[in-house]
Amino acid sequence: MKNGFDDALLKEIELRRSFIDGHIIKTIYLGGGTPSLMQASTIKNLINTIKNNYQIARDPEITIEA
């Protein structure tokens, strides 16, 4: 993940943490645009950033719009 857009998206995920602090995330949905065209490493970084900044359910639903 080496482009400015990806870096900005990861930063936005980190900055939004306070909006749902204390809630458990049960669903992660990647949609809008064409997320299925993202590199696997980009998707991995997105999910890892979410996991590192939010409380995630033990078995969350993860959906990628294609």
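Residue numbers run from 1 in the order of the sequence given. In this text the structure is predicted, and so the values were computed from the model without any measurement.
- Rounding to the nearest 0.5 Å gives a distance of 10.5 Å between CD of Glu14 and CG of Leu9.
- Considering CG of Asn48 and CG of Asn53, their distance stands at 10.5 Å, rounded to 0.5 Å.
- No side-chain heavy atom of Ile64 sits less than 4.5 Å from a side-chain heavy atom of Met38.
- In this structure, a donor-acceptor pair under 3.5 Å is absent between the side chains of Glu61 and Tyr29.
- To the nearest 0.5 angstrom, Thr49 atom OG1 is 11.0 Å from Arg17 atom CZ.
- Distance check, rounded to the nearest 0.5 Å: CG of Leu10 to CD1 of Ile50 gives 9.0 Å.
- Between the CD1 atom of Ile13 and the CG atom of Leu46 there is a distance of 5.0 Å, given to the nearest 0.5 Å.
- No side-chain donor-acceptor contact under 3.5 Å links Tyr54 to the backbone of Ile20.
- With rounding to the nearest 0.5 angstrom, the CD1 atom of Ile24 is 7.0 Å from the NZ atom of Lys26.
- When all heavy atoms of Gly31 and Pro35 are compared, the pair lying nearest together is CA-CG, 3.8 Å.
- Between Ile43 and Leu30 there is a side-chain heavy-atom pair separated by less than 4.5 Å.
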